Amino acid sequence: MADYKSHDVEEEKGMRKAFKMKLYPGMAKEYEHRHNLLWEEMKEMIHAYGGSNYSIFLDPETDLLFGYLEIEDENLWARSADTEICRKWWDYMADIMETNPDHSPVSEDLTMVFHLD
């Protein structure tokens with residue numbers, strides 16, 4: 001069996017990141033509703049910290065979320081977690097998904113094993 005090592009793929013635009021999170025049962029519609037009304041301050045923060053082309057997909061059979069995001073710089077993106085608006089969003093979402101004690105989503109990075117432009 002192949003031993004895949006985690007790595008970020010650097011491109012002219014930056015890096016592609018993928019991760020998974022988990023909703024509580026029955027919360028898919030509420031999760032989608034809240035994201036359809038994503039606060040302007042969150043959109044601005046995501047862009048200000050180098051995030052773009054952000055998508056989240058749902059596996060309705062397992063309530064697993066798959067996130068995809070392009071970032072300019074890993075360190076810059078990591079600092080977005082310390083913003084007031086990010087913390088406020090985490091608090092807002094904590095009742096519908098698995099979170100850590102600080103209300104950040106339980107998130108697991110995924111390893112890229114294939115890409116085709």
Side-chain angles (χ1 to χ4, degrees):
M1 177 176 256
D3 181 22
Y4 296 106
K5 297 193 182 203
S6 179
H7 65 282
D8 293 313
V9 177
E10 295 190 33
E11 310 177 308
E12 290 177 19
K13 293 185 225 172
M15 304 163 66
R16 289 187 298 265
K17 296 186 70 62
F19 52 93
K20 64 181 179 177
M21 302 175 290
K22 186 159 178 62
L23 292 177
Y24 292 136
M27 291 294 134
K29 286 187 190 286
E30 181 61 22
Y31 185 88
E32 183 176 9
H33 173 74
R34 292 181 190 188
H35 279 78
N36 286 338
L37 301 173
L38 186 65
W39 307 330
E40 282 302 316
E41 298 91 345
M42 273 298 288
K43 293 177 188 178
E44 292 168 6
M45 183 278 296
I46 289 167
H47 292 137
Y49 282 82
S52 64
N53 202 22
Y54 196 168
S55 300
I56 302 172
F57 302 85
L58 170 68
D59 177 351
E61 292 180 13
T62 64
D63 289 319
L64 283 175
L65 298 165
F66 165 78
Y68 172 84
L69 172 70
E70 294 172 5
I71 61 171
E72 294 173 11
D73 176 85
E74 184 71 42
N75 292 324
L76 177 62
W77 181 250
R79 290 196 305 269
S80 71
D82 295 326
T83 63
E84 183 179 336
I85 193 63
C86 185
R87 298 295 174 148
K88 184 178 176 182
W89 182 260
W90 289 350
D91 291 344
Y92 177 56
M93 299 300 289
D95 65 324
I96 64 171
M97 64 188 303
E98 292 183 1
T99 61
N100 295 302
D102 68 353
H103 287 173
S104 64
V106 173
S107 179
E108 184 178 336
D109 286 341
L110 299 173
T111 302
M112 182 185 304
V113 295
F114 176 77
H115 172 76
L116 175 68
D117 278 326

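Model, not experiment: these values are computed from the prediction.
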Give the cluster check for Tyr68 versus Leu64: same hydrophobic cluster or not, with ILVMFWY residues linked at side-chain heavy-atom distances below 4.5 Å.
no
Closest heavy-atom pair, Cys86 versus Ala81, reported as atoms and distance to 0.1 Å, is SG-CA, 4.0 Å
Separation between OG (Ser55) and CG (Leu69), nearest 0.5 Å, reads 9.0 Å
Interatomic distance, CE@Met45 vs CD@Glu41, rounded to 0.5 Å, equals 10.5 Å
Taking every heavy atom of Leu76 against every heavy atom of Gly50, the minimum-distance pair comes out as CD2-N, 4.0 Å
Q) Are any of the side-chain heavy atoms of Tyr24 and Glu98 separated by less than 4.5 Å? A) yes
Taken to the nearest 0.5 Å, the spacing of Ile46 CD1 from Asn53 CG works out to 12.0 Å
Report the relative orientation of the aromatic rings in Trp77 and Tyr54; use parallel for angles under 30°, tilted for 30 to 60°, perpendicular for over 60°. perpendicular
Query raised in the report: Are Leu110 and Val106 connected, step by step, through hydrophobic side chains (Ile, Leu, Val, Met, Phe, Trp, Tyr) whose heavy atoms are closer than 4.5 Å?
Result: no
One should read off an interatomic distance between Met15 CE and Asp73 CG, to the nearest 0.5 angstrom, of 7.5 Å
Sidechain-backbone polar pair: His35 side chain, Tyr31 backbone, donor-acceptor under 3.5 Å: yes
Any carboxylate oxygen within less than 4.0 angstrom of a Lys/Arg side-chain nitrogen, looking at Lys20 and Asp59? no
| Are Asp82 and Arg87 close enough that some pair of their side-chain heavy atoms sits under 4.5 Å apart? | yes
The reported gap from CE in Met21 to OG in Ser104 (rounded to nearest 0.5 angstrom) is 11.0 Å
Find out whether Lys88 and Trp39 are in side-chain contact, i.e. whether some heavy atom of one side chain is under 4.5 Å from a heavy atom of the other.
yes
Nearest heavy-atom approach of Asp91 to Asp102 is OD1-O, 4.4 Å
Notebook entry, point to check: So, do Ile85 and Glu44 sit near enough that their side-chain heavy atoms are less than 4.5 Å apart?
Noted result: no
Between the side chain of Lys22 and the main-chain N/O of Thr62, is any donor-acceptor distance below 3.5 Å?
yes
Sorted by chain and number, sequence neighbours left out, side-chain hydrogen bond (donor to acceptor under 3.5 Å, both in side chains) with Lys43 holds for Glu40
- Do the non-hydrogen side-chain atoms of Asp63 and Pro25 ever get within less than 4.5 Å of each other? yes
Given side chains that start at C-beta, do those of Lys17 and Glu74 come closer than 4.5 Å, heavy atoms only?
yes
Nearest heavy-atom contact between Ala18 and Phe66 is CB-CE1, 3.7 Å
**Message:** When you compare the side chain of Met93 with that of Arg34, does any pair of heavy atoms fall below 4.5 Å?
**Reply:** yes
Value for CG (Asn100) from CH2 (Trp90), rounded to nearest 0.5 Å, stands at 8.5 Å
### Query
For Glu32 and Leu58, what are the C-alpha separation, side-chain angles and deciding distance, and is it a side-chain contact (heavy atoms from CB on, under 4.5 Å)?
CA-CA 9 Å; Glu32 183 176 9; Leu58 170 68; over 6 Å; no
Let me check something: do Leu38 and Tyr49 share a hydrophobic cluster, defined by ILVMFWY side-chain heavy atoms less than 4.5 Å apart, either directly or through other members?
yes
